[in-house]
Amino acid sequence: MKLRRSFFARSVHDVAPELVGATLLVDGVGGKIVEVEAYDHEDPAAHSFHGPTARNASMFGPPGHAYVYFVYGMHWCMNVVTQAEGTASAVLLRGLEPVKNVVGRTQGPALLCRAMGIDGRLNGRDLVGDTFFLAAPSGEEELRIVRRPRIGVDYAGRHWARRLLRFYVHGNPFVSRL
DNA sequence: CTCCGGATTCGT
DNA sequence: CGAATCCGGAGT
């Protein structure tokens, strides 16, 4: 079942864990999301924390759209925008299990984007579409979800750095790190 | 306008 | 642990 707008128009804390197990399709390339991180609109680690800019504009846009950003001068990372338009929270995709036409490694936010052919062209694109969308988990398989602190956000301060905002499938080999 | 450093990855 | 390599955001 394709995920609808209403799925994304909720708190990022509800959406993030539910995205684990969902399948992402990008122009014929597909993979199952096995690791994500939640970025709350009040989180100092969120790119939206200091207000809207040209770079993070799509985070402030309507839910169910992609926020794709360029980092370290060489990598693309993709987020799924959640909550109401104007409330900039998003879910970073960090690990993906190849399902269809995926070439290369998918462990880590940047490798995932490279393997799926995701780059700046998809920034701001609607994820509730025909060739670009997310599908809910089958429901048949049992998913043991692990909650852990996020990767690389120590600068956000103890409180936010320690929060369990990283979610992944227990034991899945496509999770970026243990 | 300059400067710092990052939601990373890879090689040493 | 440092390099690669770009640009947003904060400070001067």
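Letters A, B, ... are given to chains in the order of the sequence lines, protein chains preceding strands, and every chain is numbered from 1.
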Q: Round to the nearest Å and state the distance from A:Leu96 atom CG to B:dA7 atom P.
A: 21 Å
Q: Write down the distance between NE2 (A:His75) and P (B:dC10), rounded to a whole number of angstrom.
A: 7 Å
Q) At under 4.0 Å between heavy atoms, what does A:Ala110 touch on the DNA or RNA strands: base, sugar-phosphate, or nothing? A) sugar-phosphate
Q) How long is the line joining NE2 of A:His50 and P of B:dG6, in whole Å? A) 12 Å
Q.
Using atom C1' in both nucleotides, what's the gap between B:dG5 and C:dG2 to the nearest angstrom?
A. 14 Å
**Q.** Aromatic plane relationship, A:Tyr67 with A:His47 - under 30° parallel, 30 to 60° tilted, over 60° perpendicular
**A.** perpendicular
Q | Side chain of A:Tyr155 (C-beta onward), nearest among C:dG8, B:dG6, B:dT8 | A | B:dG6
(Q) Classify A:Arg105 by what it touches in the nucleic acid, base, sugar-phosphate, or nothing, heavy-atom distance under 4.0 Å. (A) sugar-phosphate
Q: Evaluate the side-chain proximity of A:Ser58 to A:His65: yes if any heavy-atom separation is below 4.5 Å, no if none is.
A: no
Q. A:Phe70 near the nucleic acid: base, sugar-phosphate alone, or nothing, with a heavy-atom cut-off under 4.0 Å?
A. sugar-phosphate
Q: Measure the distance from CH2 on A:Trp76 to P on C:dG8 and round it to the nearest whole Å.
A: 10 Å
Q | Donor-acceptor pair under 3.5 Å, A:Tyr69 side chain vs B:dA7 base | A | yes
Q: Report the stems of DNA chain B as range-with-range entries sorted by first number; a stem here is at least three consecutive pairs, Watson-Crick or G-U wobble, both distances under 3.5 Å, and write none if there are none.
A: B:1-6 with C:6-11, B:8-11 with C:1-4
